[in-house]
Amino acid sequence: MPNNRTYAHPYIPNTVPEVRDAMLKEIGLTRIEQLHDAIPDSLKLNREMNLSPAMTEYELRRHIDGLLAKNKHGAAYLNFLGAGCWQHFIPAVCDEINQRSEFVTAYAGEPYEDHGRFQTLFEYQSLMAELVDMDVVNVPTFDWAQAASTAIRMAGRITGRSVALLPKSVDPDKVMIINNYCTPVMELRFIEIDEATGKIDLDDLRSKLSSEVAAVYFENPGYLGIIEDQGQEISELAHAVKAISIVGVDPISLGVLQPPSQYGADIVCGDLQPLGMHMNYGGGQAGFIATRDEETYVMEYPSRLFGIVPTEVEGEYGFGDVAYERTSFALREKGKESVGTQTALWGITAGVYLSLLGPTGMQEVGETIMQKSQYAAKKLSAIPGVTLLFAETTFFKEFVVDFNDTGLTVAEINARLSEAGIFGGKDLSGSFPAWGQCALYCVTEIHSQADLDRLADTIQTIVRQS
């Protein structure tokens with residue numbers, strides 16, 4: 001910024017000339033350009049930039065609104081996309097609470113002045129722990145992928161081993177994040193899945209278990225929607241070689257499915273997005289990690305944990321950090337993992353959602369989702385040329401539809417569906433090319449019978465006209 005500017009920029013802080021000059025004086029400089037003395041002159045642009053005239057604030061707003069208007073969103077279309085970000089009903093009170101000024105600027109749960117954030121996060125942790133049947137839950141991480149990555153690294157530190165086993169059916173995008181986060185301290189190896197059921201191939205798992213393995217990670221329901229009913233056996237096989245069983249779970253399924261702790265999971269992780277969070281482009285995701293209340297596990301959490309303690313006043317309680325000294329906030333570069341800003345606001349939101357629904361409500365939502373997803377799958381598989389890829393396997397809200405016998409690509413079908421105001425399933429042909437033209441469809445409690453009939457009728461028309 002030229003040093004001769006005599007006014008403050010409306011969007012750039014500390015540009016009041018007097019403020020700028022005071023800051024320069026404090027660090028012993030007279031011109032802003034001196035901050036760039038270490039940069040060679042050959043790399044500097046020594047002329048005015050050829051920029052178009054700046055827009056007025058009103059023109060800029062219209063320009064941005066025009067760009068945003070090009071987007072298509074789930075509220076405007078009938079949406080059957082899922083694959084990690086799902087469209088669920090959001091009770092209005094979730095937005096009402098998480099937009100309160102006491103909460104909306106929550107930074108890792110540590111505000112400069114607390115107005116109940118510590119307690120709300122403690123309540124969230126308590127509710128989430130009850131849902132997953134574990135004792136300890138962290139302040140949320142960024143998303144499921146980070147939660148799974150951290151869970152795997154925790155297992156590596158606990159066991160002193162460096163190999164993690166994952167099924168090949170895990171979301172490839174999630175695998176890339178896990179691999180990036182775990183390299184170079186952990187090596188990922190992959191377990192085959194049964195071609196008929198989509199479940200983990202137990203024989204292949206047995207062949208890959210060894211004294212090198214720190215953890216076996218699997219999901220239930222998995223990325224493809226399949227309910228992994230071999231969880232107990234998978235956990236027992238992991239424990240037989242003293243490895244840790246890590247289960248990733250969609251928490252909204254736990255109203256109808258057994259929590260992972262009851263089939264041997266040592267660490268449970270997943271995404272909170274189904275629990276009161278809108279689908280947002282680049283946001284609305286929040287990962288959780290849960291374990292037993294054992295020092296071995298608690299001291300390996302890199303993220304914040306909140307607890308409750310009595311104060312000096314009888315009957316009064318306070319809320320604050322548990323074992324803060326184990327975090328990177330305290331240890332800095334010596335921390336086991338570096339944890340920065342966490343999605344504390346979404347933890348508060350999930351707590352509101354869980355407190356609203358309670359056990360009965362969660363069961364009703366889960367049952368509703370399963371009834372509607374089974375109905376949709378039955379309608380789609382009745383269309384000539386359309387089948388389910390894992391037809392004999394029980395699924396929760398997502399299922400794989402096989403379009404290979406229609407002579408159409410998933411891309412072609414989705415383009416035609418879009419013309420009819422419908423977002424079709426996620427195209428899996430790139431991620432799982434061996435399956436040919438398959439798509440992952442998601443059905444939740446927001447879909448009516450009329451919506452599902454409309455989807456089936458539209459696809460039937462598209463297939464018939466091909």
Between Thr291, Ile152, Val216, Asp266, which is the residue that forms a side-chain contact (heavy atoms from CB on, under 4.5 Å) with Ile244?
Asp266
Flag, side chain of Asn220 to backbone of Ile227, donor-acceptor distance under 3.5 Å:
no
Run the side chain to side chain contact (heavy atoms under 4.5 Å, CB included) check on Val139 and Trp346 step by step: do they pass?
CA-CA 9 Å; Val139 173; Trp346 296 134; over 6 Å; no
Listed partners of Phe432 passing ring-ring contact (aromatic ring centres under 6.0 Å, His included), at least two apart:
Trp435
Does any part of the side chain of Leu455, heavy atoms only, come nearer than 4.5 Å to the side chain of Ile459, both counted from C-beta?
yes
Could you label the plane-to-plane angle of the Phe423 and Tyr77 rings as parallel, tilted or perpendicular, counting under 30° as parallel and over 60° as perpendicular?
parallel
Could you tell me if the side chain of Gln285 sits less than 4.5 Å from the side chain of Trp144, heavy atoms only?
no
Side chain to side chain donor-acceptor pair (under 3.5 Å) assessment of Asn79 paired with His447
CA-CA 9 Å; Asn79 175 41; His447 296 106; over 6 Å; no
Between Lys397 and Asp250, does any NZ, NE, NH1 or NH2 come within less than 4.0 Å of an OD or OE carboxylate oxygen?
yes
By ring-ring contact (aromatic ring centres under 6.0 Å, His included), Phe319 pairs with (sequence neighbours left out) Phe122
In residues 410-420, what donor-acceptor pairs under 3.5 Å come from side-chain atoms, sequence neighbours left out?
unit_1, atom_1, unit_2, atom_2, d
Glu412, OE1, Thr409, N, 2.9
Glu412, OE1, Thr409, OG1, 3.4
Asn414, ND2, Gly425, O, 3.0
Arg416, NH2, Gln465, OE1, 2.6
Ser418, OG, Lys72, NZ, 3.4

How about Gln99: does its CD atom have over 12 heavy atoms from other parts shown lying under 6.0 Å from it?
yes
Is there a side-chain contact between Arg20 and Ile32 (heavy atoms, below 4.5 Å)?
yes
In chain order, what residues pass the side-chain hydrogen bond (donor to acceptor under 3.5 Å, both in side chains) check against Tyr223, with sequence neighbours excluded?
Lys426
Return a table of donor-acceptor pairs under 3.5 angstrom between the side chains of residues 180-189 and protein atoms on other chains or two or more places apart.
unit_1, atom_1, unit_2, atom_2, d
Tyr181, OH, Glu337, OE1, 3.0
Thr183, OG1, Asn179, O, 2.5
Glu187, OE1, Arg189, NH2, 3.3
Glu187, OE2, Arg189, NE, 3.0
Arg189, NH1, Glu212, OE1, 3.3

Is the shortest side-chain N to carboxylate O distance from Glu445 to Lys372 below 4.0 Å?
no
Considering only heavy atoms from C-beta outward, does the side chain of Val352 approach that of Val93 to under 4.5 Å?
yes
Thinking salt bridges, do Glu33 and Lys44 make one under a 4.0 Å N-O criterion?
no
Does anything in residues 46-69 form a salt bridge (Lys or Arg N to Asp or Glu O under 4.0 Å)? List the pairs, not counting sequence neighbours.
none
